[in-house]
Every structure is written in C-alpha cells, then in structure tokens.
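Per chain, numbering begins at 1; letters A, B, ... match sequence-line order.
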Amino acid sequence: MTVMERVVATDQPLLKVEGLTKRYGARIGCADVSFDLFPGEVLGIVGESGSGKSTLLSCLAGQQRPDLGRVAYEGRDVLAMGETERRRLSRTDWAYVHQNPRDGLRMGVSAGGNVGERLMAVGARHYGQIRGKAADWLGRVEIAVDRIDDRPSAFSGGMQQRLQIARNLVTQPRLVFMDEPTGGLDVSVQARLLDLLRGLVRDLGLSVIIVTHDLAVVRLLAHRLMVMKSGYVVEQGLTDQVLDDPQHAYTQLLVSSVLQV
Amino acid sequence: MTPMIKITDLSKSFTLHNQGSAVIPVMAGADLTVAAGECVGLTGQSGAGKSTLMRMVYGNYLTAGGSLIVGDLDVARALPREIIALRRHTLGYVSQFLRVVPRVPTLDVVADPLLSLGTPIAEARDRAAGLLKRLNIPERLWPLSPTTFSGGEQQRVNIARGFAHAYPVLLLDEPTASLDAVNREVVLGLIEEAKGRGAAILGIFHDEAARAQVCDRLVDVTGFTPPNPKTGVAA
C-alpha cells in the first residue's frame with residue numbers, strides 16, 4: 001500500500017455532515033450542507049453576512065437544532081443524542097470559540113479561574129494541579145503568569161481572545177468551532193493569534209471549523225474552504241485552489257473584491 | 001527511470017462568470033514526463049502558460065481534462081486532503097512570492113515544512129539554520145519576520161523553506177530571478193544536490209545560463225497552447 005492509500009484508507013472522518021438544513025419560517029438559514037472533516041484538518045467557511053455560515057456553525061455545535069440532515073461525530077449520530085450526552089461531548093471533545101470573548105469567558109472570574117473551570121467541569125478536583133495546568137495554558141497563549149488572578153475585564157481584546165482559546169483548549173478537545181476568532185482585533189494582534197492557532201493545530205492535531213469573512217485568514221489557516229451564499233454551499237475545495245482558481249460566479253466576485261495589500 | 005511527474009493530454013480553461021461568462025481556453029493536449037533525478041525546464045514566451053502548468057501540477061489550479069500523475073496520485077482527480085498529504089510529503093514548490101503569517105520569525109518560517117511532517121523542533125531549526133547560513137541570510141535577521149526583508153532576501157528565505165524537506169518532486173518558479181552571482185551559485189548548487197538525491201524537478205528559468213547548467217531537457221509550452229477559436233491558429 002502506498003503512502004497516499006494509507007492516508008485515505010486508515011482514518012475515518014471525525015465529523016460527517018449530510019444534507020444539513022435549517023429554516024427560520026420561510027427563510028433559509030442553511031440548506032443541504034454536506035461535508036466530511038478529518039482529524040487534523042482545518043475547514044474554513046466564508047461568505048458575506050447572512051450567507052448562513054454562522055447558522056451552520058451553531059447547528060453543527062449543537063446550539064441550534066437543524067430541520068433536516070445528519071451529523072455524525074466519530075460515527076455517533078449527534079442529533080439523536082440526548083441532551084446530557086451532547087453536553088458531555090461539548091465539554092470534553094468539542095470547544096467553541098466565540099467572536100466576542102465576552103460570550104465565551106466569565107468576566108467576573110479570574111483568568112486562572114476561567115481556565116480551571118473547564119477542567120473542573122470534566123472532573124478535575126485537585127486545586128494545585130488545576131492551577132498548575134491553568135498557568136501552563138496561560139503561558140502557551142502568551143499571557144504572563146502573574147496575570148493569573150486578574151479578571152478578563154482588565155485584559156485587552158487580544159488577550160481576552162487568547163484567554164478564551166486557553167479556556168477552550170485546556171481540556172484537549174479534538175474538534176474546535178471558531179466564529180470569526182480574529183474579528184474585531186487589531187491587525188498585529190490578529191497575526192499573533194493566527195500564528196498561535198496554527199501552532200496549536202499542528203502540535204495537538206486539532207480539527208477546526210472556522211467561520212470568517214476574512215479571506216487572508218483562511219488562506220493562512222484553513223486546509224480546505226467552503227464558500228456559502230444564501231444558505232447554500234456554492235463551492236468547496238482546497239483553500240488556495242478555491243481562492244486562486246474560483247469556479248463559481250459568486251466566489252469569483254468575492255475573490256476579486258478583496259483589496260490587494 | 002521512474003517517472004515522478006507524468007502529464008497526459010492535459011487541458012485547462014478559465015470561465016469568467018462576471019465578464020459575460022467568457023470561456024478562455026489556455027491549454028490543450030499537454031504531455032510531459034519528469035523522471036527521478038531529472039530537471040526539466042519550461043520555456044515559452046510570457047503568457048504562454050508556464051506558470052499555469054506549474055500551478056496545475058501543484059493542485060492550485062483545477063484541470064479541465066487529461067491526467068496529471070505526481071508520485072502515485074492523479075492530481076487532476078484527487079481529493080483536497082490527498083493533495084494536502086502530497087504537498088506535505090512529496091511535492092515542494094518554490095514560488096516567486098513569499099506568503100507567510102506575519103510576525104513569525106524567519107527561522108520558523110523555514111522550519112515550518114519540517115514541523116508539519118513531525119520533525120522535532122530542534123532538528124527542524126538546525127536544518128533551517130544551515131540553509132539560511134548557506135543562502136547568506138545574516139543570523140541577526142533570523143528572529144525577525146521576513147515580511148520586511150528585501151526582495152532578494154525574501155526569495156532566499158522562500159528557497160530555504162522549499163529545500164528544508166527533501167521532497168521527491170520540486171517545482172521551481174524562477175528560483176534565481178533576483179539573486180546576486182554568489183547566491184545564484186548557492187541556489188544552483190542546491191538544485192544539483194536535489195537532483196543528485198533523486199528529486200524530479202520541473203522549473204521555469206529565465207536565466208539562460210542557469211537553465212543550461214541545471215536542466216537536462218527543455219519543453220516549450222507553446223506547443224500546449226490551444227488553437228485560437230477564431231483563426232484556428234495557435235495563439
């Protein structure tokens with residue numbers, strides 16, 4: 001068996017999505033979305049506001065219930081799971097990074113507490129170990145350990161976002177959902193966050209689904225790209241291929257509309 | 001000799017949906033083979049399709065028809081994840097432009113292809129440092145991002161990155177274009193060494209002396225240009 005055949009044959013998709021559809025009354029949120037996500041893969045979803053990318057993400061992450069379709073995580077039907085089982089999955093195997101760190105952090109709790117809380121939610125009880133692990137993760141996201149007892153409200157936007165990432169990754173999830181994680185940050189802070197995310201994906205073998213409208217971000221971060229318009233996926237493929245040789249009229253418009261720097 | 005790139009009857013066209021859905025055929029009937037240890041240079045005027053062909057081999061442009069085997073994968077029909085694996089292990093590409101995450105140190109930019117193969121960080125950085133030294137990038141620049149470097153320095157960083165892993169297949173787009181004589185010799189030496197270890201190389205070299213030195217064969221892509229639909233003559 002060749003290297004290529006091994007790559008294709010041995011691993012199974014971590015997430016398998018088939019025909020996912022969500023309507024809001026007569027309006028389409030997302031329609032007939034299908035894709036596989038494999039371990040270690042970063043999938044970017046792009047499209048303008050209202051294209052359905054955030055609806056899709058929240059359906060995948062179990063925050064909204066789709067009207068039709070199937071989502072299988074490691075072969076397990078996520079939509080057929082009970083609430084308890086799905087919550088457990090979202091605490092252990094999954095993580096969700098919000099665009100606004102305030103939605104993903106507890107602003108009244110210290111930085112260390114924010115990270116430690118996730119550990120306690122999966123059963124950690126030893127205070128010293130929890131604090132040690134929290135300190136380790138603050139270091140990994142480049143937050144000085146002497147800020148461990150400060151509240152996130154005393155942090156800059158970029159630090160808050162890095163803290164949110166530490167809080168999400170401390171429990172070593174395998175699948176991370178990200179909704180515009182670099183939106184609203186200064187360009188220089190964005191660059192640092194991108195580098196951090198790339199390193200974490202590589203070193204921890206994370207699978208990531210990242211929703212963004214920033215084509216430069218997906219070019220640097222995503223292996224594969226899905227383009228959405230009016231709730232439908234109009235094109236998907238290898239990220240640089242979709243950006244450099246777009247096939248669909250909408251993708252061509254999207255790519256040609258970006259200002260060159 | 002083992003063919004590492006085998007292109008058969010390859011064709012390509014662009015459809016410009018936002019410009020009256022104009023269909024522009026850019027390639028037809030392309031045939032090309034590159035064996036292990038061989039360097040093939042693409043020639044033809046600017047716009048004849050040299051870069052287009054390279055991009056198709058890399059999976060960056062889709063193909064319209066034909067087959068394009070790299071190693072044991074038909075890139076024309078491969079899944080995105082198969083191409084990702086091919087690029088990681090087998091197929092390297094030194095483009096003319098350096099595209100990196102801003103603020104990442106040059107040393108890590110060069111070590112990156114090795115890190116994504118699972119090479120331990122110290123070993124990857126050692127290899128990166130060796131290449132940067134050989135390409136005369138001063139050590140004081142290694143901790144800095146290459147985004148602020150001169151064109152020639154960026155190109156050398158790009159070359160170091162492209163040669164960090166011993167890819168069995170290498171695509172080189174004008175690797176000596178903006179280099180001085182000393183660094184040009186270093187790059188030609190790297191190419192000779194890659195050939196020596198059995199790498200199959202497909203390249204574009206406008207530098208005729210460099211082309212004569214490293215290329216075993218030349219292929220003129222003008223022969224792959226589709227006939228002009230209006231005149232029936234090769235465009």
Worksheet entry | Separation between CD of Glu82(B) and CG of Leu238(A), rounded to the nearest 0.5 Å | 11.5 Å
Item to complete: Let me know if Gln247(A) has heavy atoms under 4.5 Å from chain B in its side chain, its backbone, both or neither.
Response: both
Response to the item:
With Val104(B) as partner, the option from Leu220(A), Asp195(A), Leu194(A) fulfilling side-chain contact (heavy atoms from CB on, under 4.5 Å) is Asp195(A)
Discussion item. Give the interface residues of residues 106-129 of chain B toward chain A, defined by a heavy-atom separation under 4.5 Å.
Written reply: Asp112(B), Leu115(B), Ser116(B)
Worksheet item: So how far is it from Arg55(B) CZ to Asp244(A) CG, rounded to the nearest 0.5 Å?
Response: 5.0 Å
Item to complete: Please name all residues satisfying side chain to side chain contact (heavy atoms under 4.5 Å, CB included) with Gln96(B), sequence neighbours left out, ordered by chain then number.
Response: Asp173(B), Glu174(B)
Worksheet item: With sequence neighbours excluded, what pairs up with Asp77(A) under the salt bridge (charged side-chain N to carboxylate O under 4.0 Å, His left out) test?
Response: Arg70(A)
Worksheet item: Salt bridge check: are Arg87(B) and Asp240(A) linked by an N-O gap of less than 4.0 Å?
Response: yes
Expected list for residues 32-42 of chain B: side-chain donor-acceptor pairs under 3.5 angstrom, two or more places apart:
| unit_1 | atom_1 | unit_2 | atom_2 | d |
| --- | --- | --- | --- | --- |
| Glu38(B) | OE1 | Ala35(B) | N | 2.8 |
| Glu38(B) | OE1 | Arg217(B) | NH2 | 3.3 |
| Glu38(B) | OE2 | Arg217(B) | NE | 2.8 |
| Glu38(B) | OE2 | Arg217(B) | NH2 | 3.3 |

Worksheet item: Should Leu62(B) and Gln241(A) be marked as a side chain to side chain contact (heavy atoms under 4.5 Å, CB included) after you check the CA-CA gap, both sets of side-chain angles, and the distance that decides it?
Response: CA-CA 7 Å; Leu62(B) 291 179; Gln241(A) 180 265 303; 3.3 Å; yes
Fill in: Glu193(B), CD: over 12 other non-hydrogen atoms inside 6.0 angstrom
yes
Discussion item. With a sphere of 6.0 Å drawn around CZ of Arg99(B), does it hold more than 12 non-hydrogen atoms of other residues, nucleotides or ligands?
Written reply: no
Fill in: Tyr232(A) atom OH: more than 12 heavy-atom contacts under 6.0 Å
no
Worksheet item: When rounded to the nearest 0.5 angstrom, what is the spacing between CD1 in Ile84(B) and CZ in Phe38(A)?
Response: 10.5 Å
Fill in: Reported CG-to-NE2 distance for the pair Leu253(A) and His17(B), which is rounded to 0.5 angstrom
11.5 Å
